[in-house]
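Take a look at the structure below.
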Amino acid sequence: MAGLNPKQEEACSYTEGPLLILAGAGSGKTRVITHRIAYLISEKEVNPYNILAITFTNKAAGEMRERVDSIVGFGAESIWVSTFHSMCVRILRRFYDRLGGKNSFTIYDADDQKAAVKEVLRLLSFDEKQYPIRAMIAAISKAKESFLSPDEYDRQAAGNYRDQNIAKIYREYQKRLRSNNALDFDDLICRTIDLFMQHPDVLELYQERFRYIMVDEYQDTNHAQFVLVKMLAAKYRNLCVVGDDDQSIYKFRGANIYNILNFEEEYPDAKVVKLEQNYRSTSNILNAANGVIANNEGRKDKSLWTENPEGEKVLFTRYEDDRGEAVGVCKRIFELMKEGRGLSEMAVLYRTNAQSRVLEEQMIREDIPYQLVGGTNFYARKEIRDMVGYLKCIANPADDISLSRIINVPRRGIGDTTVTKMRDFAAEQGMSLYDVVVDAGVVPGLGRAASKLEAFAELMQGFRRVAEDGALSVLYADILQKTGYREELEKENTDEARSRLENLRELSNKISDYELHAEQPSLTELLEEISLVADTEEREDGSERITMMTLHSAKGLEFPYVFMVGMEERLFPSGMSLDSDDPDAEEEERRLCYVGITRAKEQLFLSAASRRMVNGNITYPEVSRFIGEIPENLIRMEGKKDSNRGYSGERYYDEWQGSTFRPKPSGAGRKSYLRTQAGGSLQKGMPQQTIIDYTVGDTVKHIKFGRGVVTEMTKGGSDYEVTVRFDTAGEKRMFASLAKLRKV
DNA sequence: GAACCCATCATTTTT
DNA sequence: TGATGGGTTC
């Protein structure tokens, strides 16, 4: 096997029986998985049809698919490369009727779930304050993960009034989902397990099919997923799990680190291969990470090493406050750029999304293009959810949740009172809301709304006819048109409305794209893709931007230059973790820190502020304990020591050349500015290669500062630093590639 | 039904 | 600080 180290090779060629691959950060994990699949097929002559590779995210599945395709060639397409959830959907679409459901079930996402719980609370007259929706969803999810039915949950709650009420909510929620012919994300896993338990013939079918199973990011699996994998692998026992207990950072969403820690107890004959050579980071960075993670107790014994050069020391800087930190980061970015590094080689990582704000503001001031990762999902936007709501209703008329969402959108005179009346009537008669809408005449006391309902029913029936024999894109266009949704937005004529229309066009593109590429396009499958595939706004290639994201989102990525900001007690590690009674909480924060450090290839910049605004309050945080855990000889501290554990903020905002402090842009203006920066519409289609057609003495125009005369140009790295004396804004120094100066 | 005011509340996120 | 949701008023 070409290009693999002995350990990697060992992991690839051990194909029979249970195998645990402990893959440290940057140890070439994906390479091993893909090579192993290739090895199974070419050396062991395993039929690709018998291979299953499970990942967590669609992104990971897509990447693996691509790599497998390129390395395996013939037969690669018959390998199942899939996320847990899409695998289960595929199985349930075929066999859900065996559990008494319809194979055409709808999938409820977080938003639908929320709406369902809200309705349940209303129905049971529970107070949302006492039983917060978020907490209820979490409780239900937890119950499902441990296979507790509402009845069993109730039994366990014996004597606990609150838990008994939660059991009631859970029961009612399940009832609602069942009558709506819907499954939530947890159901997808649990009901598949139910199916396997109740129908051993179905289980056997899949056991026979999946003779070789691989699970990536095994440390992220929850209990239900563990059970599912165990069942599938029970017959042939060719189960290979890959993961890193040190990178387990998703406990809050159910991940159970013991799945990986106790793998050898579960499978006593398991072979364990440790991939400990790191190919990513300098030894200074790697050892800094090792130093931090060594403070955790509950972990598999391993030590990462590298042949990479020592590199620069890790740099820690303490700034006066959060704003100063942002200024300092920007300054460092410019320094790196002067050395010829590009923005796409850099990333800023933080613990909480709220921290991005100050950084964004500063980057806008300094004209540094950035890209935010994470944030609101495309499909979570209101206008998209409305359209998807229509599609869901058309696909599954029993879906009361979606129908309630769109019945009065856009406004058509079917108000809350009417809907409540109909809902109550439906509940009494055991009908679905849609049945009632179609036959509104039977509901007493609807008054004027009756005619509105009739028109609405007519509209929906029309859509259903189009859905039956028309193309999906035609259906979509029809909805947009006939509901008056588009017209209403067009009339509004605001920036926001235009942006919504743009999103609706984007959805139209996605639908056309789906139609074009799907083997057999169907509304059900389209909706499945929409619910299961979060739309991760892919980074546009070629655009030079710095990436900003949470530490969680950074998992699996790497950058030459990494900034970890806000290294402060109670921010990171988070106060919530420190206050929690879970003794593992601090260790999970430390793992998160480990994940962050190991993202860096060349250089790592850590920083903290002495004063920070948190939730509108000024706080004076101490330096994070994690800083002290980095071996002293690997870190350079910038600044003087102060009385407590840390380093005081002696780095004030230094108004250096190029930074341009202007008053904070206000309200809506600022927002739309942010959007153009983050969303990229401003930069789309702009030449990436800057054409410099001006020189000293020329008059140029700047997008914000207006007219000015170039007074100086010096070469800095791959770029030019240009000094311009503006007519109104004074003298500014800036990078040619960022300043977008035009000769006039 | 929309516009406004006040109270409340705050990690991390994918499917 | 700032987003969100509920309640009130016009």
Side-chain angles (χ1 to χ4, degrees), chain A residues 54-61 82-89 107-114 118 127-129 132-135 137-138 141 144-145 183-190 192 217 220-222 224-225 248-255 322-323 349-358 361 373-377 379-380 408-417 528-536 549-556 566 570-580 582 585 588-589 591-593 595-596 612-619 664 667 670-671:
Chain A
I54 308 177
T55 63
F56 258 82
T57 64
N58 291 291
K59 194 176 156 223
S82 166
T83 64
F84 272 103
H85 295 268
S86 42
M87 173 180 81
C88 289
V89 170
I107 300 165
Y108 272 4
D109 60 26
D111 208 77
D112 301 319
Q113 246 184 321
K114 211 173 134 189
K118 201 166 185 164
D127 182 13
E128 262 187 56
K129 286 246 156 60
I133 296 181
R134 275 183 60 139
I137 290 177
S141 177
K144 287 182 177 178
E145 262 165 36
L183 297 179
D184 66 21
F185 286 126
D186 295 308
D187 285 334
L188 294 177
I189 313 284
C190 296
T192 304
E217 304 282 13
D220 291 341
T221 48
N222 64 31
Q225 288 159 340
S248 166
I249 54 173
Y250 283 115
K251 179 165 188 174
F252 68 91
R253 65 176 203 216
D322 42 5
R323 170 101 180 271
L349 310 182
Y350 35 79
R351 178 66 240 265
T352 67
N353 280 310
Q355 287 168 261
S356 75
R357 190 175 201 91
V358 185
E361 283 173 355
V373 174
T376 356
N377 181 278
Y379 293 111
N408 202 28
V409 178
R411 312 227 166 266
R412 49 172 73 93
I414 308 175
D416 284 350
T417 350
E528 197 172 295
E529 254 178 51
I530 290 175
S531 337
L532 249 36
V533 181
D535 186 69
T536 43
M549 65 192 135
T550 62
L551 287 152
H552 281 92
S553 310
K555 202 178 110 184
R570 300 197 71 75
L571 181 59
F572 188 34
S574 84
M576 287 239 187
S577 307
L578 295 178
D579 296 339
S580 111
D582 176 2
E588 177 132 332
E589 295 285 312
R591 291 192 286 269
L592 191 54
C593 184
V595 167
R612 178 180 299 275
M613 190 75 101
V614 178
N615 298 343
N617 299 313
I618 292 171
T619 60
K664 195 163 148 182
R670 191 190 144 272
K671 251 188 189 152

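By convention in this document, chain letters (A, B, ...) are assigned in the order of the sequence lines, proteins followed by strands, and residues within each chain are numbered from 1. Because only heavy atoms are used, hydrogens play no part in the values below, and waters and symmetry mates are left out as well, while side chains stay in. All figures in this text were calculated on a predicted structure; none of them were measured in a lab.
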Any base atoms under 4.0 Å from [X], or only sugar-phosphate, or nothing? Heavy atoms, all strands.
X        : value
A/Glu589 : base
A/Lys118 : sugar-phosphate
A/Asn58  : sugar-phosphate

Examine [N]: is either OP1 or OP2 under 4.0 Å from a nitrogen or oxygen in the side chain of [X]? Give yes or no.
X        : N      : result
A/Arg253 : B/dT11 : no
A/Lys59  : B/dT13 : no
A/Thr83  : B/dT14 : no
A/Asn353 : B/dT11 : no
A/Arg357 : C/dG2  : yes
A/Ser553 : B/dT13 : yes

Does this structure show an ion pair linking [X] with [Y], if we count only N-O contacts that are shorter than 4.0 Å?
X        : Y        : result
A/Asp579 : A/Arg570 : yes
A/Arg351 : A/Glu589 : yes
A/Asp220 : A/Lys251 : no

Between [N] atom [atom2] and [X] atom [atom1], what is the distance in whole Å?
X        : N      : atom1 : atom2 : result
A/Tyr350 : B/dT11 : OH    : C1'   : 13 Å
A/Phe56  : B/dT15 : CZ    : P     : 10 Å
A/Asp579 : B/dA10 : CG    : P     : 13 Å
A/Glu361 : C/dG2  : CD    : C1'   : 12 Å
A/Met87  : B/dT14 : CE    : P     : 20 Å
A/Phe84  : B/dT14 : CZ    : P     : 17 Å
A/Lys129 : C/dG6  : NZ    : P     : 8 Å
A/Ile133 : C/dG5  : CD1   : P     : 9 Å

Nearest-neighbour nucleotide for the A/Arg351 side chain, B/dG1, B/dT12, B/dT15 considered
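It is B/dT12.
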Assert yes or no for the condition that the ring centre distance of A/His552 to A/Tyr350 is strictly below 6.0 Å.
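No; A/Tyr350 has its ring centre 6.0 Å or more from that of A/His552.
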Quick check: closest heavy atoms across A/Asp184 and A/Lys144, and the distance to 0.1 Å?
OD2-NZ, 2.6 Å
5' priority, DNA chain B, between A/Ile414 and A/Glu588 [closest heavy atom]
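So the residue in question is A/Ile414.
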If you assign A/Asn617 and A/Arg411 each to the DNA chain B nucleotide with the nearest heavy atom, which residue ends up on the more 5' nucleotide?
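Nearest-nucleotide comparison on DNA chain B picks A/Arg411.
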Exceeds 12 heavy-atom contacts within 6.0 angstrom, atom CG of A/Asp416:
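Result for CG/A/Asp416: open.
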So, do A/Phe252 and B/dT11 meet the stacking rule of ring centres under 5.5 Å and planes under 30°?
no
